[in-house]
Amino acid sequence: MQDVDGANLWGGRTYVRGTGYTWQDDHGVIAHTGWRDRTADRLDHDLEWRDRVGRPLLRERRRLTATPAGPDAWWLDVDATLTAATGRDVHLGSPATNGRPGGAGYGGFFWRAAAGGEPDVFTGDAAGEEAVNGSAARWLALTGAGPGGAAYTLVFTGLEPGDRWFVRTAMYPGVCVAYAFDRPAVVAAGRPRRNRHRVLVADGRLDRAAVAARLDHRATGRG
């Protein structure tokens with residue numbers, strides 16, 4: 001997140017309303033603080049989101065699980081719970097909520113993909129970066145080829161109420177479950193925010209019908 005109660009936990013320059021991106025002395029860190037479980041297919045650990053002087057802003061429990069999805073794919077499940085560590089509400093923002101135009105509401109669960117060229121992106125009813133950026137579709141797919149030429153498909157699910165998809169394909173390939181796409185989000189004191197995301201990582205290029213079939217297969221417990 002570029003703005004967590006004024007702390008930049010993204011890195012790089014901070015977007016300042018009326019000025020644009022500028023270097024600020026506002027960089028915090030997200031620090032691993034301990035393992036709960038660590039196996040070949042599961043990582044469960046605690047993290048702390050800290051401001052520039054090390055003051056805790058949020059505490060996070062993050063669980064990552066890998067599950068086979070047939071001979072050509074696998075599922076990544078990400079379950080993360082954020083709890084305010086300040087005794088008060090913690091506000092999450094983005095360049096967009098701080099005044100940047102153009103749908104730059106990034107910040108949240110972000111996947112930077114590898115691609116040898118511009119990938120394709122689509123949802124159940126739209127296609128292309130401009131059409132899907134900022135949408136709240138149930139799922140979003142990115143298909144492309146890695147630098148070596150091997151084709152892949154990534155299918156993302158898991159928007160919570162108020163979340164939006166942030167998508168880039170032309171400048172770089174990236175998909176984000178954006179927590180503060182066009183308005184700030186809040187992790188309320190005493191009320192943790194739970195984020196649950198699933199990503200299908202598949203060989204080859206899946207079309208819309210094939211993606212829907214894979215998601216149905218998963219929903220019915222068949223894979």
Side-chain angles (χ1 to χ4, degrees), residues 1-2 4-5 7-11 27-52 54-92 106-114 138-142 146 152-163 165-166 174-180 185-203 211 214-223:
M1 301 294 304
Q2 251 226 355
V4 181
D5 268 1
N8 181 342
L9 298 183
W10 181 273
H27 286 191
V29 297
I30 299 177
H32 165 86
T33 58
W35 289 107
R36 293 175 182 243
D37 191 18
R38 192 178 182 187
T39 65
D41 59 358
R42 179 180 173 85
L43 300 175
D44 185 347
H45 60 140
D46 295 314
L47 304 103
E48 200 167 71
W49 299 32
R50 301 168 182 164
D51 68 10
R52 59 178 292 275
R55 181 176 66 103
L57 300 171
L58 294 167
R59 293 188 175 91
E60 177 185 359
R61 180 178 179 183
R62 186 184 303 173
R63 286 152 288 199
L64 311 175
T65 305
T67 308
D72 64 345
W74 60 282
W75 289 99
L76 172 68
D77 284 272
V78 180
D79 191 326
T81 301
L82 296 173
T83 303
T86 62
R88 55 181 175 77
D89 294 354
V90 175
H91 294 80
L92 310 179
Y106 59 85
F109 173 64
F110 198 104
W111 189 297
R112 185 72 174 260
R138 185 174 68 89
W139 57 265
L140 183 144
L142 183 83
Y152 65 84
T153 300
L154 303 170
V155 184
F156 300 86
T157 66
L159 292 187
E160 295 294 327
D163 294 347
W165 295 113
F166 170 82
V175 174
C176 175
V177 177
Y179 303 156
V186 177
V187 180
R191 195 168 66 210
R193 173 190 170 112
R194 188 177 183 189
N195 306 302
R196 288 173 286 186
H197 315 298
R198 282 177 173 171
V199 185
L200 176 69
V201 183
D203 293 338
V211 168
R214 297 280 185 127
L215 294 175
D216 178 66
H217 197 68
R218 172 77 177 201
T220 56
R222 298 192 300 270

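Under the 30°/60° scheme for interplanar angles, the aromatic rings of Trp111 and Phe109 are found to stand perpendicular. Below 30°, between 30° and 60°, or above 60°: for Trp10 and Phe110 the angle between ring planes is above 60°, a perpendicular geometry.
The two atoms that bring Ala185 and Arg193 nearest to each other are CB-NH1, 4.3 Å, heavy atoms only. Residue Pro56 comes nearest to Thr86 through the heavy atom pair O-CG2, 3.6 Å, listed as atom of the first residue, atom of the second, then distance. Residue Ala180 comes nearest to Met1 through the heavy atom pair CB-CE, 4.5 Å, listed as atom of the first residue, atom of the second, then distance. Annotation for Arg214 and Ala73: closest pair NH1-CB, 3.6 Å, computed over non-hydrogen atoms. Looking at every heavy atom in both residues, Asp89 comes nearest to Ala189 through OD1-N, 2.9 Å. When all heavy atoms of Tyr179 and His197 are compared, the pair lying nearest together is OH-NE2, 3.4 Å.
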Give the C-alpha distance, both sets of side-chain angles, the deciding distance and a yes or no for side-chain contact (heavy atoms from CB on, under 4.5 Å) between Thr83 and Val187.
CA-CA 7 Å; Thr83 303; Val187 180; 5.8 Å; no
Decide side-chain contact (heavy atoms from CB on, under 4.5 Å) for Leu43 and Trp35; before the verdict, give the C-alpha distance in whole Å, the side-chain angles of both, and the deciding distance to 0.1 Å.
CA-CA 8 Å; Leu43 300 175; Trp35 289 107; 3.9 Å; yes
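Test Leu9, Val4, Leu58, Val29 against Arg50 for side chain to side chain contact (heavy atoms under 4.5 Å, CB included) and you get one pass: Val29.
For the atom pair CZ of Arg61 and CG of Leu82, the computed distance is 13.5 Å after rounding to the nearest 0.5 Å. Atom OG1 of residue Thr65 and atom CZ of residue Arg198 lie 10.0 Å apart, to the nearest 0.5 angstrom. Between the CG atom in Asn8 and the CD atom in Gln2 there is a gap of 5.0 Å [rounded to 0.5 Å]. Annotation: the span from Trp74 atom CH2 to Asp203 atom CG amounts to 11.5 Å, rounded to 0.5 Å. In this structure, Thr67 OG1 and Trp75 CH2 are separated by 9.5 Å, a value rounded to the nearest 0.5 Å.
Taking 4.0 Å as the cut-off between side-chain N and carboxylate O, Asp77 and Arg42 do not count as a salt-bridged pair. Looking at Asp37 and Arg63, no side-chain N of the basic residue comes within less than 4.0 Å of a carboxylate O on the acidic one, giving no salt bridge. Checked for salt-bridge contact, Asp5 and Arg55 miss the test: no charged N lies under 4.0 Å from a carboxylate O. Using a 4.0 Å cut-off between a side-chain N of Lys or Arg and a carboxylate O of Asp or Glu, Arg59 and Asp46 do not qualify as a salt bridge.
Between the side chain of His32 and the backbone N or O of Leu47 there is no donor-acceptor pair closer than 3.5 Å.
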